[in-house]
Amino acid sequence: MSTTTATVTTPQRSAAMIASIADAGVPTTSAPFGHALNALAARDPRIVGLTADLAKYTDMHLFAAEYPDRFFEMGMAEQVMIGAAAGMAAVGLVPFASTYSVFATRRAYDFLCLDAAEPKLNVNIVAALPGLTTGYGPSHQATEDVAILRGMPDLTIFDPADAVDVEGIVPAAAAIEGPTYTRLLRGKVPRILDQYDYTFEVGKAKVVRPGDDAVIVSSGLMTMRALLAAEKLSSEHKVEVSVVHCATLKPFDEETVVAELDTDRAAFTAENHTVVGGLFETVAAALVKRGIGKKVGAIGLPDEFIDAGALPTLHDRYGLSTDSVVARVLAGLH
Amino acid sequence: MTTTTATRTTTDPATIDPSRRARVAEAAYQIRMGVLEQGEAQGEGYVGQALGIADVLAAAYCDTLRYRAEDPDWEGRDRFLLSIGHYALALYSALAAGGVIPREELLSYAADGSRLPMSGMATYTPGMEISGGSLGHGLGQAVGMALGLRQQGRDGQLVYNLLSDGELNEGSTWEAAMSASHWRLGNLIAIVDLNGLQADGRTAQILGGEPQHERWAAFGWSVQRIDGNDLDAVLAAFDTAIANATVEGQPQVILCDTRLARGVPILEAKEKLHFLRVAAEEWPVAMAQLTAGYQAADYQNEEK
């Protein structure tokens, strides 16, 4: 399925922990989370930062450098990091705690749930490497993080598409009286939503791009892929695709999404997550609740542990690349 | 509080004022009686642990902690975290003794719609700082509270965490222990109830934790080990800890050897003490024994 070679260099390095998710030609912003957190901290003295030995890999190092007295390096100890963040919130601070998604979810679930969510404390988890954003293998690929967390009451879950979303989420998360989990995009993060009429809003799905032939409901970096695919489908195939972006996965904006899906257009969901327990099933539940029978194609990761390898190769292999999305939509039209 | 740990002071239990001891002993009696009343209301519960820790809670809530009974959310309070949520009936009884909740409310323990659920939950009960039923959570939150209070310059406040020896099985407790000494949380005081029993049997056989003193010391903590049912020793240990509390310095732990069902011979004699089920006719006997023991005077010091 890999038909473009613009971003491909050979040989592909497969061992990189951090790989770029930006397609060729897509503008990027460096470390949007770190800069947004610093900007917020400048006007809110309650903001503190914590990390579990991953400041450099979650863009938290920018906060650590700017606000050393408000930064807490907790070491490779995710459970106490989240517990301590809850303790800080309980005495009036607003913590942002960073680690990788796999560790925040698989390893420290009980702490996020009972220390932060049950007492509705303002604890903000920023979790890098969500879904398939590293070729490091299952130990680091959080392909089921949303499935793990969706059942947690009172937790707000954000799945930003790009730097524009990340910049909107940081102050929004701090303003929410309760815990938040953000599927953090770090490093050189694509910046694409500012090319559309779009503003981030907590709990709202937005029709980023209209289209009469098909509709893709997407979240996270797959919104970027959906938009790139939509442009390509328009210019090369005269197929117009609507893209509905869900930057907030919980609480989920069922009204907007169902209204877009309850049409004659071919419909898809696209997520950087296993098709089990994530966006697809969230959308499916919303449709069923309203008694709407609608075929929806699920673009996402399979229900299996993902290979190690080079990220572009893996995105192609598992159907998350722009060309894969183009192919799925074309196939779905017939 | 001082800001250095260069010289540590130690309070001699023999110097505890008898009238102070008598006052706390009365509170301990009231706490135990409240525990039995709650136990009788449900016919069962973690009564053994609650009776065992009553002396420590009496010293905490009726002598040591800074809090306002009429305003449990007062910002300037010390924080007392009960990570062992199943000891809730002991804390409810202590909160009643301290005037935070009405004494008569204890009878609603574990009933439908009660503010006093079987396992301690912060959102249910005034004065309950955390929801502690899942073990190994308290000390990490205590680390965050101690760091957060220091961060905001609230240097006069102390954070206490009551743990149990079974809870020391949980690795997260040791993450937090490492963190507390790394951050030099001299405003943090852990209290460990060493009663030697957990759900599946004797702690020594399940996952032994001795030598406790050496383990905590190796993690960078200042350690006291006392008889947790000796009121003079308990009061002296709190005095010592507070005298040595610092804005920045060594975290402190008070290891308390306690006896399950302490003060009630009919219950102490039972074999299955982790979760007590007691026949209806035994509760009045237990209460009579508790009162007789207390009135026999000075039972707190019988081993001296």
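The chains referred to below are lettered A, B, ... by the order of the sequence lines, with proteins before strands, and numbering in each begins at 1. These figures come from a predicted structure and were not determined experimentally.
Using a 4.5 Å cut-off between heavy atoms, B:E175 contacts chain A through both its backbone and its side chain. The parts of B:S172 that come within reach of chain A are both its backbone and its side chain, each placing non-hydrogen atoms under 4.5 angstrom from that chain. If you measure heavy-atom distances from A:R70 to chain B, the contacts under 4.5 Å come from both the backbone and the side chain. The contact between B:Q152 and chain A is made entirely by side chain atoms (from C-beta outward), counting heavy-atom distances below 4.5 Å. In this structure, chain A has no heavy atom under 4.5 Å from any part of B:I130.
For CG of B:D71, the number of neighbouring non-hydrogen atoms (other residues, nucleotides, ligands) closer than 6.0 Å is greater than 12. Atom CG of B:D200 is surrounded by 12 or fewer heavy atoms from other residues, nucleotides or ligands within 6.0 Å. For B:E75, the CD atom is loosely surrounded, since the number of other residues' heavy atoms within 6.0 Å does not exceed 12. Counting heavy atoms of neighbouring residues, nucleotides and ligands inside a 6.0 Å radius, atom CZ of B:F275 exceeds 12 of them.
The interface of residues 168-181 of chain A with chain B, defined by heavy-atom distances below 4.5 Å, is empty. Interface with chain A: from residues 76-97 of chain B, residues B:R79 qualify, criterion being any non-hydrogen pair under 4.5 Å.
For the set B:L147, B:V159, B:V143, the count of heavy-atom pairs under 4.5 angstrom toward chain A peaks at B:L147.
Taking A:F33 as the reference, nothing meets the ring-ring contact (aromatic ring centres under 6.0 Å, His included) condition, with sequence neighbours excluded. Taking the side chain to side chain donor-acceptor pair (under 3.5 Å) definition, one finds that A:K120 meets it with A:D154, sequence neighbours left out.
The two residues A:V91 and B:R154 come nearest to each other via the heavy atoms O-NH1, 2.9 Å. Considering all non-hydrogen atoms of both residues, B:M145 and A:G87 come closest at CG-O, 3.4 Å. Contact record, A:E73 with B:W183: O-CZ2, 3.3 Å, taken as the closest heavy-atom pair. Pairing each heavy atom of A:E118 with each of B:S131, the nearest pair is OE1-OG, 2.9 Å.
For the side chain to side chain contact (heavy atoms under 4.5 Å, CB included) with B:H137, the qualifying choice from A:I82, A:V80, A:L114 is A:L114, the only one to do so.
In this structure, B:Q151 contributes its side chain and A:D69 its backbone to a donor-acceptor pair below 3.5 Å.
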